[in-house]
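What follows is one structure encoded as structure tokens, with my remarks underneath.
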Amino acid sequence: VKPAREEMFRQVERSLKDDIRPTLGDELKISAFRHMMASLVLTLGRGVGSTFYRAGFDIGVYKAEKHGLKGVDEALDYAVEVFEKTKLGLLNVEEVSEEEVVLTMKESVTADGYDVGEKLCYFQAGFIAGLLQGATGQRWQVKERACVAEGNEECVFVGRVWHDENTWKGGC
Ligand SMILES: [Zn+2]
């Protein structure tokens with residue numbers, strides 16, 4: 001994680017005191033979040049998905065290092081826990097090996113309720129990739145194979161260790 005990013009993450013963490021916002025508390029309505037996201041999409045235009053992926057990836061690497069996560073299982077356990085705690089979505093680990101993982105997600109904060117014919121969960125995909133990379137020291141890439149916003153029943157993420165000779169094959 002680059003020093004400027006790390007410092008920004010630390011600032012975020014320092015801002016999150018136990019008594020944050022005594023009246024309104026720690027939570028935010030999805031309507032506010034989605035309007036902010038929609039504005040970012042309009043402003044950033046095409047390629048916004050990779051920006052959200054990158055944002056998730058950086059925070060994933062940072063959290064993996066901060067919590068000393070080691071290995072694929074610890075990365076995925078943490079992902080499930082933090083996604084539920086922060087309400088990003090309800091993750092479920094479907095398949096795990098040292099080189100490939102498959103996860104599903106229900107109730108995505110970015111996709112649930114949308115029917116727009118495209119994938120919307122780039123931040124979460126990047127977050128999972130960053131956790132895996134930070135916890136294993138290997139290069140991971142996570143792709144969302146199917147999304148609720150495309151009409152799928154749940155979002156599906158496939159993560160793979162990235163070797164230089166790798167190409168994505170088979171429907172991703
Ligand atoms: Zn999705």
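In each ligand, atom 1 is the first atom listed, and ligand 1 is the first ligand listed.
For a distance bound of 2.8 Å, the N, O or S atoms of Glu150 include none lying that close to the Zn ion (ligand 1).
Around CE of Met8, the count of heavy atoms belonging to other residues, nucleotides or ligands within 6.0 Å does not exceed 12. The 12-atom threshold is exceeded at CD of Gln11, counting heavy atoms of other residues, nucleotides or ligands nearer than 6.0 Å. Within 6.0 Å of the CD atom in Glu154, the count of heavy atoms belonging to other residues, nucleotides or ligands exceeds 12.
The aromatic ring centroids of Phe127 and Phe83 lie less than 6.0 Å from each other.
Here the Zn ion (ligand 1) is the vertex; the SG atom in Cys155 and the SG atom in Cys121 give an angle of 110° (to 10°). Annotation: angle subtended at the Zn ion (ligand 1) by Glu144 OE2 and Cys147 SG is 100°, to 10°.
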